[in-house]
**Student:** 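Sharing a structure with you now.
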Protein chains: 2
Amino acid sequence: MTSDERSDGSARPGRAGRRSGHAEPYTLASLVEVAARAFNERGYDATSMEDLSRAAGITKSSFYHHVSGKEALLRAALDRALDGLFGILAEPGASAGAPVDRLRHIVRRQVEVLATELPYVTLLLRLHGNTETERWALARRREFDQTIARLVADVRSDVDPVVAARLLSGTVNSLIEWYRPGRVPVAELVEAVDRQVFEGLLR
Amino acid sequence: MTSDERSDGSARPGRAGRRSGHAEPYTLASLVEVAARAFNERGYDATSMEDLSRAAGITKSSFYHHVSGKEALLRAALDRALDGLFGILAEPGASAGAPVDRLRHIVRRQVEVLATELPYVTLLLRLHGNTETERWALARRREFDQTIARLVADVRSDVDPVVAARLLSGTVNSLIEWYRPGRVPVAELVEAVDRQVFEGLLR
DNA sequence: GTGCACCGAACGATCGTTCGGTCGGACGCG
DNA sequence: CGCGTCCGACCGAACGATCGTTCGGTGCAC
């Protein structure tokens, strides 16, 4: 973390000597991925454009040739996270069937999306609402959570549905705090969350 | 959020005109509370010393008369959070009895500490490890989590204890994302978490 | 020759922190 | 009591550093 960044070698086009023509350009998506990873490691505000450009392998001014600014990178990353989450609600399993089955489907798919879109969802879940972009993303996220809350209310009307839904979302979302791809297979993770959420620690 | 901060009137000594003597000095604890609240609202890096001093009701230079710097405020707040959490482990109910009872005691008390020390614990749970202070706090926090993980392994050896412990901590810690004092009584919150953690959503 | 990827240098703004100074109440002393 | 001194709370102004962003220019590929 002192200098010579980019501890993981991914998402870095092959321009080892600036020779050999264009050689795979920096796409917006690849730079957003680099940015999302850096934002998660140090936090959005603590990550400078110098950090990002160094992680991408070019200078700060060159970096601005590909992206319009810091906040645009954040918005693109949040967009990707929200698209993944709302995509779940558009699936047949989320709208058809008994409420408990729909809830179960959403929870399991949400675990999968969290795992596959980890850097982007992590950013979404750590927002503060400082800028208009962040407030917009937070509003969409609340929309998603409320859909789940209504389902929880249908499944369990005896306990406080609001509190139960918050705890459910908290359990699922807490994956971003520790899950890293590769260690635990996603399918295994889905089963673990499903069991703990619906059956609890005491069977 | 544009200007004229301090939306909540607490923690502000009565020096309405600078007249009338000393009139309750700014204690370190009261300034740490102000700082912790501000850090949580905007994030540590996005909160300037100007923000903090304005929230305290004095100028930035006066603020430095009472505190040694920004990072010292963070450390004091993290200290308070960690003291609260490790205090739980020192209680008799955390070390005596069957593992399941000890786990239950810790979980219930942890909910109470999270609720009462909300701003400080929130800060602790959102660290990035950018500075030495943050890394020290994260190390202590891992220590606390591992104690719980060992207990979970004693209670449930059939499921992956590591994953189960992470999900348990995630569920409890997710309180900081939505719980605000006053809305839901702490006792009620304790019962809701206990039931959901140990019995699950399906009874 | 035209255009695009890239770069160094600099912009104004804002950051955390420091410094010199003002003001008023507390206090020692005759 | 009156008075000189002191000290802590407070402030405006400025420090160097770093931030996000812009600009003019260079060089290679086509």
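Proteins come first, then strands; the chains are lettered A, B, ... in the order of their sequence lines, and each starts at number 1. In what follows, every heavy atom counts, from backbone to side chain, and hydrogens, waters and symmetry copies are set aside.
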**Student:** How long is the line joining CD of B/Glu50 and P of C/dT14, in whole Å?
**Tutor:**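 Taking CD of B/Glu50 and P of C/dT14, I get 11 Å after rounding.
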**Student:** Taking atom P of C/dT17 as reference, at what distance in whole Å does atom CG of B/Leu52 sit?
**Tutor:**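 In whole Å, C/dT17 P and B/Leu52 CG are 11 Å from each other.
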**Student:** Nearest nucleotide by nearest heavy atom, which residue falls closer to the 5' end of DNA chain C, A/His65 or A/Ser61?
**Tutor:**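 Upstream on the strand: A/His65.
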**Student:** Using whole Å, what does the distance between atom P of nucleotide D/dT22 and atom NZ of A/Lys70 come to?
**Tutor:**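 Distance check: A/Lys70 NZ to D/dT22 P gives 15 Å.
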**Student:** Measure from CG on B/Asp45 to C1' on D/dC19 and round the result to the nearest Å.
**Tutor:** 12 Å
**Student:** Identify whether NZ of Lys or CZ of Arg in A/Arg75 sits under 6.0 Å from the centre of the six-membered ring of A/Trp136 and within 45° of that ring's axis.
**Tutor:** yes
**Student:** Given atom CE of A/Met49 and atom P of C/dC7, what is their separation to the nearest angstrom?
**Tutor:** 15 Å
**Student:** Send over the distance from B/Leu73 CG to C/dG16 P, rounded to a whole Å.
**Tutor:** 11 Å
**Student:** Nearest 0.5 Å please: distance from the CG atom of A/Leu82 over to the CG atom of A/Leu124.
**Tutor:**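 It comes to 5.0 Å.
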**Student:** From the list D/dC11, C/dC7, D/dT22, which nucleotide is the closest neighbour of the side chain of A/Tyr64?
**Tutor:** D/dT22
**Student:** Measure from the side chain of A/His66, starting at C-beta and using heavy atoms only, and say which of C/dG16, C/dA5, C/dC7 lies closest.
**Tutor:**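 Of all the options, the side chain of A/His66 is nearest to C/dA5.
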**Student:** Map B/Thr47 and A/Phe63 onto DNA chain C by nearest heavy atom, then report which one ends up closer to the 5' terminus.
**Tutor:**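 Nearest nucleotide further toward 5': that of A/Phe63.
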**Student:** Identify whether any heavy atom of B/Ser48 sits under 4.0 Å from a base atom; if not, whether one sits that close to sugar-phosphate; answer base, sugar-phosphate or nothing.
**Tutor:**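 Sugar-phosphate contact only.
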**Student:** Just how far is it from atom CH2 of B/Trp178 to atom CZ of B/Arg183, taken to the nearest 0.5 Å?
**Tutor:**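 Reported value, rounded in 0.5 Å steps: 11.0 Å.
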**Student:** Which of these nucleotides, C/dC6, C/dA10, D/dC11, is closest to any side-chain atom of A/Lys60?
**Tutor:** C/dA10
**Student:** Rounding to an integer number of Å, can you tell me how far B/Ile58 CD1 sits from D/dG12 C1'?
**Tutor:**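 Value for this atom pair: 14 Å.
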**Student:** Round to a whole Å and report the spacing from CZ of B/Arg42 to P of C/dT14.
**Tutor:** 15 Å
**Student:** Identify which nucleotide among D/dC10, C/dC6, C/dT18 has an atom closest to any side-chain atom of B/Ser62, counting heavy atoms from C-beta outward.
**Tutor:** D/dC10
**Student:** Could you measure the distance from the CD atom of A/Glu33 to the CG atom of A/Leu28? Nearest 0.5 Å is fine.
**Tutor:**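 Reported to 0.5 Å precision, the distance equals 12.0 Å.
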**Student:** Categorize B/Ser53 for me: base, sugar-phosphate, or nothing, with a 4.0 angstrom heavy-atom threshold over every strand shown.
**Tutor:**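 The residue B/Ser53 makes no contact with any strand.
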**Student:** Measure the CZ-CG distance between A/Arg141 and A/Leu127 for me, rounded to the nearest 0.5 Å.
**Tutor:** 7.5 Å
